[in-house]
Amino acid sequence: MTLLEVDHLSLDLPVDREPRRIIHDVTLELDDGEAVGLVGESGAGKSMTSRAVIRLLPQNARIGGDIVFDGRSVLAMDRRLLATYRSRDVAMIFQDPKSHINPVRTVGAFLIEALVERGDRRADALAVVSELLDTVGIREIPHRLRQYPHELSGGMLQRVMIAAALAVQPRLLLADEPTTALDVTTQANVMAHLDVQRRNRGLAMLFVTHDLELAASVCDRIAVMYAGCLVEVCAASSIHDRVLHPYTAGLLASRPRVTSRTARLPVIPGRPQAAYELGEGCPFLSRCPYALDICRTTRPELRVVGSSRVACHRAEELSGCLTDGRAADRPGVHA
Amino acid sequence: MATAAAAKEQLFPSARRRRNLDPVILAAGAFIGVLVLVAILAPWIAPYNPNAATILAANQGVSAAHWLGTDPTGRDLLSRLIWGARLSLLGPALIVLIATALGTVLAIASAWIGGLFDQLVSRVMDLLFAFPGLVLAMIAVAMFGKGLVAPVVALSIAYTPYITRVLRSAASRERSLPYVAACYVGGVSARSICSRHLLPNVFPLLLTQSTISFGSALVTLAAVSYLGLGIQPPTATWGFMVSTGQSSILAGHPAESLEAGILIVVTVVAFNLLGDRLAGRRSLQAL
């Protein structure tokens with residue numbers, strides 16, 4: 001069953017009164033209990049997409065398309081519906097827990113806030129969050145509840161944030177780079193807790209990250225964004241052997257490997273484009289080694305190829321060549 | 001942010017930090033504390049009835065019977081100062097209480113609502129800044145009569161912009177921080193965010209601002225009394241004592257004006273120092 005439907009979403013933000021395109025025509029569905037990883041470089045529009053889902057956008061943003069949660073349009077919700085939707089249906093986990101938790105209130109006050117707000121008794125709320133803290137691996141809970149955010153480490157604070165998100169029993173988790181601000185060993189720990197809790201509760205999750213590997217390991221499907229466009233949506237399990245878009249292939253190729261030593265990692269040439277810089281053709285045009293004339297003139301639509309969806313004119317012919325590096329030797333196939 | 005937490009720790013230090021407390025804050029706080037205690041306990045500690053005239057004891061200097069001397073009608077000055085502390089402190093306390101309450105609500109509301117409402121509040125506050133408190137108080141007295149109520153109400157209004165302006169900018173800075181956004185996407189109501197998140201975060205500033213305003217309000221209210229527009233005689237207030245003592249200065253008896261004047265100055269200095277040091281702790285934290 002489809003829980004969340006992002007339907008031809010576009011977003012413009014005015015810069016010096018000129019509207020600038022941030023997101024271009026993103027269409028994505030999320031089933032109940034499914035985890036989708038939204039992957040891309042900085043500025044690709046992945047955070048903005050996740051923020052649009054909870055309508056946490058700048059006031060002057062212009063939104064096109066629609067976002068439908070469980071049959072109701074989020075963009076059309078009035079104040080009261082939106083408040084209910086935010087407090088019961090979705091929960092967001094932010095990148096930097098330190099700046100997203102009020103520093104002058106205790107961890108306990110932060111955790112029970114949403115519960116008390118919707119009418120639970122304090123004692124009940126405390127019992128609920130204590131249990132949750134235990135499940136995300138926090139010890140000495142009564143002591144922690146009395147502490148202030150600055151007394152906890154980043155990893156611990158992020159687990160507190162996860163507990164707070166789970167406390168309201170949402171149906172959808174929005175995780176906006178939940179581990180980016182943490183160091184690597186803590187990252188793994190926090191991510192493991194998030195993953196286990198999500199699976200146990202059967203929650204749907206939109207997981208925003210620039211770490212393709214991480215997304216592949218905790219998500220069912222991967223959606224790759226580039227310059228405000230969705231370029232590929234595929235099953236997480238096939239990310240290593242069956243990617244269809246040259247950009248996804250480039251991302252995969254440019255990560256270091258544990259098994260082999262390379263003097264120099266392959267990079268994607270050029271710099272990331274912003275959505276407003278795009279011309280008529282394919283967003284990845286200027287950096288793509290396989291570009292043809294048609295790529296210059298027509299923007300590829302997201303279409304079904306095999307089990308994935310991809311926005312590339314040459315998806316069929318490049319299929320299977322991208323991941324093993326063979327395609328790199330023959331840029332002009334069938335040209 | 002993190003500094004606000006530290007600021008709270010600084011303003012209300014835990015036991016291990018307490019010994020590092022600024023001696024100026026300690027001294028000023030202690031002086032103010034004693035003053036408040038004296039005002040409350042006036043009926044029990046004042047050696048004489050403050051309004052009992054004893055013509056035979058008129059214009060006495062400092063003596064064992066009258067520690068601070070007597071005025072031209074023989075009233076004991078120490079007793080009058082002690083009793084005077086009540087209204088002299090109650091007035092500014094009311095002013096600061098009303099102005100702070102009003103100013104905080106306005107400041108947080110305009111920071112939260114923003115837009116036209118924010119603009120409107122700011123302009124009205126600018127308008128109020130144009131009226132010196134004393135002028136406003138005199139207009140109020142002219143309209144509603146002498147006494148405590150009219151000047152207190154007028155000065156409360158006059159001091160509101162001082163609180164509002166400072167708190168509004170702090171609150172709107174706070175409002176733009178990520179944790180506030182996290183609150184409202186978490187479904188926390190606007191009222192809760194304002195009262196449970198914004199307010200505690202601007203509280204240190206609120207405390208310093210109202211402390212400094214207290215000293216200023218005390219002087220202004222004393223000036224109102226001095227002009228004879230405040231509490232009417234024979235009830236003692238410090239400001240009015242400065243004024244009534246004036247006539248005997250030339251006769252060689254400066255005690256009444258001098259003592260009341262010194263008390264006003266010392267009290268105001270204590271409040272200003274306290275406010276100043278509290279503010280200093282805050283700005284150190286903000287670095």
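Sequence lines set the chain letters: A, B, ... in the order given, protein chains first and strands last, and positions in each chain run from 1.
- Heavy-atom neighbours of A:R62 CZ from other residues, nucleotides or ligands within 6.0 Å: at or below the threshold of 12.
- Closest approach of A:H100 and B:Y179 over heavy atoms only: C-CB, 3.4 Å.
- With a 6.0 Å radius and a threshold of 12 heavy atoms from other residues, nucleotides or ligands, B:R165 has its CZ atom at or below the threshold.
- Rounding to the nearest 0.5 Å gives a distance of 7.5 Å between CD1 of B:I193 and CD of A:E113.
- Minimum interatomic distance between B:P178 and A:S99 (heavy atoms only, all atoms of both residues): CB-O, 3.4 Å.
- The 12-atom threshold is not exceeded at CZ of A:R121, counting heavy atoms of other residues, nucleotides or ligands nearer than 6.0 Å.
- Across A:E117 and B:S189, no two heavy atoms sit closer than the pair OE2-OG, 2.7 Å.
- Counting heavy atoms of neighbouring residues, nucleotides and ligands inside a 6.0 Å radius, atom OH of A:Y85 exceeds 12 of them.
- Minimum interatomic distance between A:F94 and B:V185 (heavy atoms only, all atoms of both residues): CZ-CG2, 3.8 Å.
- Within 6.0 Å of CZ in B:R123 there are more than 12 heavy atoms belonging to other residues, nucleotides or ligands.
- Heavy atoms of A:A83 lying under 4.5 Å from chain B belong exclusively to its backbone.
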